Amino acid sequence: MAEIIVIWDWLEFALRWLHVITAIAWIGSSFYFIALDLGLQKNNKLPPGVQGEEWQVHGGGFYHIQKYSVAPNEVPEHLTWFKWESYSTWLSGFALMVVIYWVGGELYLIDSAKSDLELWQGIIISAASLVIGWFIYDFLCKSRFRNNPSLLMVVLFFILVVMGWSYNQIFTGRAVFLHLGAFTATIMTANVFLVIIPNQKIVVDDLFAKRTPNPEFGKIAKLRSTHNNYLTLPVIFLMLSNHYPLAFASEWNWVIAALVFLMGVTIRHYFNTIHARAGNPIWTWPVTIIIFIFIMWLSMAPAIISDKEAARINEKQVVFESAEEFSETVDIVVSRCSMCHAREPVWEGVNWAPGDVYLETPNDITKNAKLIYLHSAISYAMPPANITYMEDHERAILKRWFKSTVNGMSFTEALK
């Protein structure tokens, strides 16, 4: 069973790596085409139907790019579709969410201090919120708001704030930020899968059939693409946030998330305006800085009591505590790890416990048994650079303590 936990952790790592790679590809192509579209130049020598052109140089080569207002008269033999970057990012992210927040839901999903929901109920809420959120968003985009893009963005922002507050009534701080990111990413990928690509295929089909394409399909796709452009930076912030407890483990985490969405708008507005050669909105810089300073101030508010900080000891912890060599394990962890992983760290330069992991008491140690095993028993990740001189025989004790306990557990129980 101990070996299975190691394999499972590597699978989680592989999924995270895949998610980052595909996200880089998607975000990179998205940002490039937005900048390209905004920077198109018009002149009288362009062929009929061409909206604008752009000359670029990269990697020692020159590129001449033209964009058609709707579509060319004929479909070229080779046509590249930019879609799998989006699909792969969402699929890998969803798989990662299942591994961490559904399979490991008792630790990372439901905050027992906020609600008495069972794990299966939390999983249903998690999945349903992504689906329902898309339908609400799609309905708004097809309503009368579609004729007023700015007002539609305000309504969308309000929905995101409400979703953040709602998640915070049930989930842990980590799960709140992750689900807000997944909620937004689902909208973005569904835009590509259900709107942008289908509309482009309709235009292509019209060209094959020698019909004049309807420009309305391009207009609809453009609106969804613009939304994706403004939502990208907040999604990146939310996905990175689980490494920073100051962001998610705050009483005001849902407000912090809302302000992050505003920062995404100010940052993208600056670059979009620059790329469009429509001015230099330098005012976005101080506004972004002020919002960020306010976020830092909010993070200093009293942290909520998460499920990790609850004093309740579950059955699994009792098994770990009664295992052989537990007393030696406590001595090792407290002497080698607790100076940083404490509610009030004493190590110079460490102001908060890394990863929001506390290792001061037997209860703390049994709660984080798997992390201790992965990071200090079978690897040398912790202590960092072995700064507290953990000996090999001490790591061996930690390994025996963990393995002797989990080998009698079921797979799902051992992963919790």
Side-chain angles (χ1 to χ4, degrees), residues 5 8-9 11-13 15-16 19 90-134 160 162-186 235 237-254 256-257 303-317 320 353 355-358 363-364 366-371 374 406 409-416:
I5 289 179
W8 187 263
D9 203 61
L11 289 175
E12 179 187 322
F13 187 9
L15 278 174
R16 193 179 297 274
H19 186 50
W90 189 90
L91 289 171
S92 58
F94 181 75
L96 192 61
M97 186 179 76
V98 170
V99 168
I100 298 177
Y101 290 91
W102 290 10
V103 176
E106 291 189 0
L107 181 62
Y108 293 114
L109 184 62
I110 302 294
D111 190 332
S112 58
K114 299 176 183 177
S115 66
D116 295 326
L117 292 177
E118 297 292 334
L119 176 57
W120 66 268
Q121 294 173 312
I123 293 174
I124 290 177
I125 293 173
S126 170
S129 66
L130 305 184
V131 176
I132 295 173
W134 158 252
L160 291 169
V162 171
M163 288 303 301
W165 179 87
S166 301
Y167 281 139
N168 195 46
Q169 306 309 303
I170 302 171
F171 296 153
T172 64
R174 272 191 179 89
V176 170
F177 272 42
L178 184 282
H179 279 77
L180 266 180
F183 177 85
T184 308
T186 298
V235 169
F237 183 100
L238 294 168
M239 294 308 181
L240 294 175
S241 66
N242 61 15
H243 300 288
Y244 297 92
L246 281 176
F248 66 79
S250 166
E251 183 179 358
W252 303 105
N253 54 9
W254 62 279
I256 290 175
I304 59 173
I305 299 177
S306 68
D307 57 339
K308 272 194 169 186
E309 298 172 318
R312 177 178 57 85
I313 300 178
N314 58 38
E315 294 180 3
K316 181 182 175 183
Q317 289 179 259
F320 273 114
D356 198 28
V357 174
Y358 304 121
N363 186 28
D364 294 334
T366 55
K367 281 184 178 180
N368 296 288
K370 187 179 75 170
L371 294 177
L374 293 175
V406 299
M409 296 180 180
S410 66
F411 175 66
T412 54
E413 183 65 22
L415 287 177
K416 293 177 182 177

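Keep in mind the model is a prediction, meaning the values are calculated, not measured. When reading the values below, keep in mind they use all heavy atoms of this one structure, side chains included, and skip hydrogens, waters and symmetry mates.
- The closest side-chain heavy-atom distance from Leu96 to Met239 is not below 4.5 Å.
- Nearest approach of Asn253 to Phe248, heavy atoms of both residues: ND2-O, 3.0 Å.
- Trp165 CH2: 12 or fewer foreign heavy atoms inside a 6.0 Å radius.
- Within the model, atoms CG of Leu91 and CG of Leu15 stand 11.0 Å from one another, a figure rounded to the nearest 0.5 Å.
- Not one N or O on the side chain of His19 forms a donor-acceptor pair closer than 3.5 Å with the backbone of Ser92.
- Side-chain N or O atoms of Lys114 include one that pairs as donor or acceptor with a backbone N or O of Phe171 at under 3.5 Å.
- Pairing each heavy atom of Ala353 with each of Tyr358, the nearest pair is CB-CE2, 3.5 Å.
- Atom CD in Glu12 sits 4.0 Å away from atom CD1 in Ile100 (nearest 0.5 Å).
- Closest approach of Ala247 to Ile256, counting heavy atoms only: O-CD1, 3.7 Å.
- Between Phe183 and Gly133 the shortest heavy-atom distance is CE1-CA, 3.2 Å.
- Summarising the geometry, atom CD1 belonging to Ile110 is positioned 8.5 Å from atom OG1 belonging to Thr172; distances are rounded to the nearest 0.5 Å.
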Enumerate, atom names and distances included, each donor-acceptor pair closer than 3.5 Å involving a side-chain atom of residues 118-131, sequence neighbours excluded.
unit_1 : atom_1 : unit_2 : atom_2 : d
Gln121 : OE1    : Glu118 : N      : 2.7
Ser126 : OG     : Trp102 : NE1    : 3.0
Ser126 : OG     : His179 : NE2    : 2.5
Ser129 : OG     : Ile125 : O      : 3.2
Ser129 : OG     : Ser126 : O      : 2.8
Ser129 : OG     : Tyr167 : OH     : 2.6

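- Aromatic ring pairs are classed by plane angle as parallel below 30°, tilted from 30° to 60° and perpendicular above 60°; the pair Phe94 and Trp90 is parallel.
- Across Asn368, Asn363, Asp364, a single residue satisfies side chain to side chain contact (heavy atoms under 4.5 Å, CB included) together with Thr366, and that is Asn363.
- The side-chain heavy atoms of Val99 and Leu11, taken from C-beta on, include no pair separated by under 4.5 Å.
- Shown here for Val176 and Asn168, the closest heavy-atom pair between the two residues is CG2-CA, 3.6 Å.
- Put simply, CG on Leu374 and CG on Asp9 are 4.5 Å apart, with the number rounded to the nearest 0.5 Å.
- Tyr101 has its side chain within reach of Arg174: a pair of non-hydrogen atoms, C-beta onward, lies under 4.5 Å apart.
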